**Student:** 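Dropping a structure here in structure tokens format, bear with me for questions.
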Amino acid sequence: MSGLRVQGVSKSFGTLDVLRDLELAVEPGEFAAVIGPSGSGKSTLFNLVSGLDRPTSGQVLVEGEPAGVASGKVAYMPQKDLLFPWRTVLDNTALGLEAQGVRKKEARARAGALFADFGLDGFQRAYPSELSGGMRQRAALLRTVVLERPVLLLDEPFGALDSLTRTEMQLWLAGMWQRHRWTVVLVTHDIREAVLLADTVHVLSPRPATVVDRVEVPLPHGERDFTAPEFAAVERRVLEALRGTTAVTAP
Ligand SMILES: Nc1ncnc2c1ncn2[C@@H]1O[C@H](COP(=O)(O)OP(=O)(O)OP(=O)(O)O)[C@@H](O)[C@H]1O
Ligand SMILES: [Mg+2]
């Protein structure tokens, strides 16, 4: 079995129940979005999938193996993925490979090969402070993608960006995913972002989080137009699922 399976997972921190009986299945090459209220347990879920933490009960399987032993199969871009200010952009993007034992020269070569694709060409020797916010996020994403692991976890990758840059980055990620077909799980608060990018949007309840709805996005990738009525209809369904569990305002 490949892809990702989260089966009946519950997670508590002491008396705080964060996840309850959570089920999630992501097929290889699928783009899944997870949307839910703040504090519902989305980052906690990623910590379980990446093997950084263990469920209280239930199991997480990555490519058929328990997450704890399959951590080499998951590339995780945490919610606050910081670039080291004293390392050049190239050395920042090579960091993940170096951390897994790849020699510096090869790590740099592999990361460097992706610079053009990530819109970072010419900035190899720059320092993070010389990049725009969108470029910094692309560099952090490059550092994750270059690991070439079967499952990619992105926790609010565009959360800190202004809305114009954010839209630009969403379209860019949509194009990159279409070319590479990574298996992606994207955590977001942004309904439009989820519907623009995902095959399936998994809607979480507030804590203790469980999946309250799974919304398929029946729109062709690469031609999604957030001004189209079909797009708005999917957004509405996600919004209604969220509203069923908590008070949210319309986008
Ligand atoms: N290591 C921990 N120890 C104790 N409590 C924790 C720990 N990690 C997370 N929590 C608690 O679990 C709950 C869920 O946190 P989590 O970070 O997963 O939420 P989230 O859905 O990612 O929120 P946001 O959308 O704001 O990023 C919070 O109440 C948080 O305080
Ligand atoms: Mg979070």
Side-chain angles (χ1 to χ4, degrees), residues 4-26 31-62 66-68 71 74-83 133 136-137 140-141 143-144 151-163 165-166 169-170 173 184-198 200-215 235 238-251:
L4 169 66
R5 297 286 181 278
V6 176
Q7 298 174 327
V9 162
S10 299
K11 176 70 182 175
S12 306
F13 294 108
T15 56
L16 186 73
D17 295 332
V18 177
L19 304 176
R20 180 175 293 162
D21 219 9
L22 196 113
E23 297 279 335
L24 188 74
V26 185
F31 198 124
V34 172
I35 193 161
S38 184
S40 56
K42 302 179 298 297
S43 297
T44 300
L45 172 66
F46 272 8
N47 288 338
L48 302 181
V49 174
S50 64
L52 289 174
D53 201 353
R54 291 159 162 268
T56 307
S57 59
Q59 64 173 353
V60 180
L61 298 174
V62 183
S71 55
V74 177
Y76 180 14
M77 179 169 160
Q79 198 162 3
K80 288 200 178 65
D81 198 10
L82 301 176
L83 302 175
R136 276 199 287 274
Q137 288 306 96
L141 199 57
R143 172 163 77 192
T144 312
V151 176
L152 196 57
L153 307 180
L154 308 176
D155 194 349
E156 295 247 27
F158 310 137
L161 302 175
D162 64 83
S163 81
T165 310
R166 190 176 175 127
M169 290 290 294
Q170 289 163 348
L173 180 61
V184 181
V185 189
L186 170 90
V187 157
T188 180
H189 282 117
D190 183 334
I191 297 177
R192 195 178 86 179
E193 179 168 294
V195 177
L196 190 66
L197 294 169
T200 309
V201 183
H202 303 261
V203 182
L204 300 190
S205 69
R207 203 176 56 238
T210 194
V211 176
V212 291
D213 202 1
R214 285 187 182 81
V215 182
E235 279 185 310
V238 175
L239 181 63
E240 275 160 13
L242 278 168
R243 269 201 181 132
T245 67
T246 182
V248 286
T249 48

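Just so you know, these numbers use all the heavy atoms, side chains as well, and skip hydrogens, waters and symmetry mates. Just so it is clear, the model here is predicted, and its values are computed rather than measured. The residues of the chain are indexed from 1 along the displayed sequence. Each ligand, and each atom within it, is numbered from 1 in the order the structure gives.
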**Student:** Looking only at protein heavy atoms, which one is nearest to atom 15 (O) of ligand 1, and how far off is it?
**Tutor:**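 Protein heavy atom at minimum distance: T44 OG1, 3.7 Å.
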**Student:** Taking 2.8 Å as the cut-off, does Q79 contribute an N, O or S atom near the Mg ion (ligand 2), distance below it?
**Tutor:**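 Coordinating: yes.
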**Student:** Give the minimum heavy-atom separation between S43 and Y76, together with the two atoms involved.
**Tutor:** O-OH, 3.9 Å
**Student:** Looking only at distances, please establish whether an N/O atom of ligand 1 is found under 3.5 Å from an N/O atom of E156.
**Tutor:** no
**Student:** Write down the atom of Q59, the atom of V9, and the distance for their closest heavy-atom approach.
**Tutor:**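 Answer, listing the atom of Q59 first, then V9: O-CG2, 3.5 Å.
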**Student:** How about atom 31 (O) of ligand 1: does it have a protein heavy atom within less than 4.0 Å?
**Tutor:** no
**Student:** Tell me: protein heavy atom nearest atom 25 (O) of ligand 1, and distance?
**Tutor:**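 Answer, as residue, atom name and distance: K42 NZ, 2.7 Å.
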**Student:** Could you give me the CA-CA distance, side-chain angles and deciding distance for L48 and V6, then say whether side-chain contact (heavy atoms from CB on, under 4.5 Å) is met?
**Tutor:** CA-CA 9 Å; L48 302 181; V6 176; over 6 Å; no
**Student:** So which atom in T44 and which in K11 form the shortest heavy-atom distance, rounded to 0.1 Å?
**Tutor:** CG2-CG, 3.8 Å
**Student:** In sequence, state the C-alpha distance, the side-chain angles, and the governing distance for L45 and V185, and then conclude on side-chain contact (heavy atoms from CB on, under 4.5 Å).
**Tutor:** CA-CA 11 Å; L45 172 66; V185 189; 5.9 Å; no
**Student:** Nearest heavy-atom pair of L197 and F31: which atoms, and what distance?
**Tutor:** O-CG, 3.5 Å
**Student:** Is there at least one protein heavy-atom neighbour under 4.0 Å from atom 6 (C) of ligand 1?
**Tutor:**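 So far as the 4.0 Å threshold goes, atom 6 (C) of ligand 1 is in reach of a protein heavy atom.
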**Student:** Output the distance between atom CG (D190) and atom CD (Q170), rounded to the nearest 0.5 Å.
**Tutor:**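 The distance works out to 5.5 Å.
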**Student:** Kindly compute the distance separating OG (S12) from CG (D17), expressed to the nearest 0.5 Å.
**Tutor:** 4.0 Å
**Student:** Which residue owns the protein heavy atom closest to atom 27 (O) of ligand 1, what's the atom, and how far is it?
**Tutor:** Q79 NE2, 2.9 Å
**Student:** Just distances here: any N/O of F13 and N/O of ligand 1 closer than 3.5 Å?
**Tutor:** no
**Student:** Pull out every atom of ligand 1 sitting under 4.0 Å from any heavy atom of H189, numbered as shown with elements.
**Tutor:**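 Counting from 1, the qualifying ligand atoms are 25 (O).
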**Student:** I need the nearest protein heavy-atom contact for atom 28 (C) of ligand 1: residue, atom name and distance, please.
**Tutor:** R207 NH1, 3.9 Å
**Student:** Among all the protein's non-hydrogen atoms, which is closest to atom 23 (O) of ligand 1, and how far away is it?
**Tutor:**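 Scanning the protein heavy atoms, the shortest distance from atom 23 (O) of ligand 1 goes to G39 N, 2.8 Å.
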**Student:** Shortest non-hydrogen contact from A32 to A198?
**Tutor:** C-CB, 4.2 Å
**Student:** Between L16 and ligand 1, which part of the residue brings a heavy atom under 4.0 Å of the ligand: side chain, backbone, both or neither?
**Tutor:** side chain
**Student:** State whether S38 contributes an N/O/S atom found under 2.8 Å from the Mg ion (ligand 2).
**Tutor:** no
**Student:** Considering non-hydrogen atoms only, spot the tightest contact between K42 and G36 and give its length.
**Tutor:**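 Looking at all heavy atoms of both residues, the closest pair is NZ-O, 3.2 Å.
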**Student:** Which residue owns the protein heavy atom closest to atom 26 (O) of ligand 1, what's the atom, and how far is it?
**Tutor:**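 It is S38 OG, 2.6 Å.
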**Student:** So do V211 and V203 actually touch side chain to side chain, heavy atoms under 4.5 Å?
**Tutor:** no
**Student:** State the atoms of ligand 1, each with its element, that fall below the 4.0 Å cut-off from a heavy-atom position in S40.
**Tutor:**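 Answer for ligand 1: 19 (O), 21 (O).
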**Student:** Would you mind checking which non-hydrogen protein atom is closest to atom 17 (O) of ligand 1, with the distance to 0.1 Å?
**Tutor:** S43 CB, 3.7 Å
**Student:** Checking a contact table here: which protein heavy atom is nearest atom 12 (O) of ligand 1, and how many Å away?
**Tutor:** V18 CG2, 3.4 Å
